[in-house]
Amino acid sequence: MKKLTLVSPSLLSADFTNLQADIDMINQSDADWLHLDVMDGVFVPNISFGFPVIHAVSKICQKPLDVHFMIVQPERYIQQAAEAGATLMSVQYEACTHLHRTIQQIHDAGMKAGVVLNPATPVHLLEDIITDVDLVLLMSVNPGFGGQAFIENTIAKVKRLRKLIDESGAQALIEVDGGVQEDTAPRLVQAGADVLVSGSYVFKAKDPIATIHWLKQC
Ligand code: DX5
Ligand code: ZN
């Protein structure tokens with residue numbers, strides 16, 4: 001039987017005037033995780049939300065929280081992320097001077113650890129960290145905003161990362177974030193992606209629950 005794709009809808013495209021309704025929908029859906037995008041206006045040219053919101057969401061969301069930090073020096077916030085209810089903390093490769101130590105500290109705080117690559121950051125830079133991380137998140141848009149167009153080179157990147165993981169015996173999952181929709185989702189899974197993040201395609205859909213269900217079958 002075909003393995004189901006993991007789906008992590010991105011809260012960035014939810015209705016911020018009524019998060020309860022959108023999280024009720026997530027709880028009722030087949031979503032595996034909920035993706036939360038933290039931005040600092042420095043690493044990316046946008047600011048989203050922070051720990052009070054993550055903490056509030058953790059109280060009503062029954063799915064593990066997959067928190068994506070688009071901030072400089074994310075190591076400053078590991079403890080707060082754990083206390084706010086993050087299950088998985090992903091940090092941008094480009095924002096970490098001592099990535100190995102940061103990954104260790106995320107694990108020590110009781111969370112799963114992920115590393116995120118921007119579109120221009122090559123997969124081979126992960127050779128010496130791949131067996132230490134639980135997840136690699138490939139950005140298929142430049143981070144900072146929802147609803148952007150998918151960068152086609154991501155398909156080749158997923159294939160290269162799949163090869164690196166398989167050849168090194170690592171267990172890391174491959175997650176892709178940005179422009180995941182009808183046309184791109186099946187091709188990403190075909191290339192070797194395990195987890196799909198999807199913001200606007202899920203939350204702007206007429207039937208978000210059916211859309212999540214469809215993504216899982218890709
Ligand atoms: C962008 C964020 C994404 C965003 C994806 O910086 O990391 O998680 O919500 O949105 P879509 O799926 O609309 O491209
Ligand atoms: Zn994200």
Side-chain angles (χ1 to χ4, degrees), residues 5-16 19 22-23 25-26 29 31-50 53-54 57 61 63-72 74 77 81 86-96 111-121 133-155 157-158 173-189 193-206 208 211-212 214-216 218:
T5 301
L6 300 176
V7 177
S8 191
S10 172
L11 194 75
L12 196 60
S13 293
D15 177 359
F16 287 180
L19 284 180
D22 278 342
I23 289 166
M25 179 279 288
I26 295 292
S29 76
D32 295 276
W33 304 339
L34 178 64
H35 186 85
L36 294 106
D37 290 296
V38 178
M39 304 179 189
D40 65 356
V42 179
F43 183 77
V44 288
N46 196 8
I47 297 178
S48 54
F49 48 76
V53 173
I54 299 173
V57 168
C61 185
K63 312 280 175 161
L65 303 187
D66 162 30
V67 188
H68 173 194
F69 282 86
M70 284 157 274
I71 67 171
V72 297
Y77 295 105
T87 308
L88 192 143
M89 177 170 183
S90 292
V91 294
Q92 292 274 160
Y93 179 91
E94 305 82 6
C96 295
M111 294 177 287
K112 300 259 187 220
V115 59
V116 191
L117 299 187
N118 272 343
T121 306
V133 296
D134 301 293
L135 174 135
V136 178
L137 172 53
L138 296 181
M139 289 309 301
S140 38
V141 296
N142 286 294
F145 305 92
Q148 301 182 81
F150 182 80
I151 297 172
E152 200 53 42
N153 181 56
T154 313
I155 301 285
K157 253 177 119 171
V158 171
L173 294 173
I174 302 178
E175 184 176 39
V176 182
D177 184 5
V180 171
Q181 33 76 0
E182 206 173 331
D183 160 56
T184 53
R187 293 191 292 127
L188 286 165
V189 173
D194 303 296
V195 191
L196 300 176
V197 175
S198 187
S200 46
Y201 182 61
V202 164
F203 285 96
K204 308 275 181 271
K206 274 208 188 83
T211 304
I212 293 168
W214 181 81
L215 285 168
K216 280 202 68 68
C218 282

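Counting starts at 1 for both ligands and their atoms, following the listed order. Source: prediction; values computed, not measured.
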(message) Students should find this: residues with any non-hydrogen atom under 4.0 Å from ligand 1. What is the answer?
(response) S10, L12, H35, D37, H68, M70, M139, P143, G144, F145, G146, G147, D177, G178, G179, V197, S198, G199, S200
(message) With rounding to 10 degrees, what does the angle D37:OD1 / the Zn ion (ligand 2) / H35:NE2 come to?
(response) 90°
(request) Could you pull out the atom name of the N/O/S atom in H68 that is nearest the Zn ion (ligand 2)? (result) ND1
(request) Return the set of residues passing side-chain hydrogen bond (donor to acceptor under 3.5 Å, both in side chains) with E175 (not counting sequence neighbours), or none when no residue passes. (result) none
(request) I would like to know whether T5 and L188 meet side chain to side chain contact (heavy atoms under 4.5 Å, CB included); could you show each step before the answer? (result) CA-CA 10 Å; T5 301; L188 286 165; over 6 Å; no
(request) Name all pairs fulfilling the side chain to side chain donor-acceptor pair (under 3.5 Å) condition that reach into residues 134-149, sequence neighbours left out, sorted by first residue then second. (result) H107-D134
(request) I would like to know whether D37 and S48 meet side-chain hydrogen bond (donor to acceptor under 3.5 Å, both in side chains); could you show each step before the answer? (result) CA-CA 7 Å; D37 290 296; S48 54; over 6 Å; no
(message) Taking salt bridge (Lys or Arg N to Asp or Glu O under 4.0 Å) as the cut-off, I'd like each qualifying pair that reaches into residues 136-152, sequence neighbours left out, listed once.
(response) E152-R187
(message) Taking H35's backbone N and O only, do any of them form a donor-acceptor pair with K63's side chain (distance below 3.5 Å, no angle check)?
(response) no
(request) Examine distances only and state if a side-chain atom of N46 and a backbone atom of G144 form a donor-acceptor pair shorter than 3.5 Å. (result) yes
(message) Restricting to N, O or S atoms, which atom of D177 is closest to the Zn ion (ligand 2)?
(response) OD2
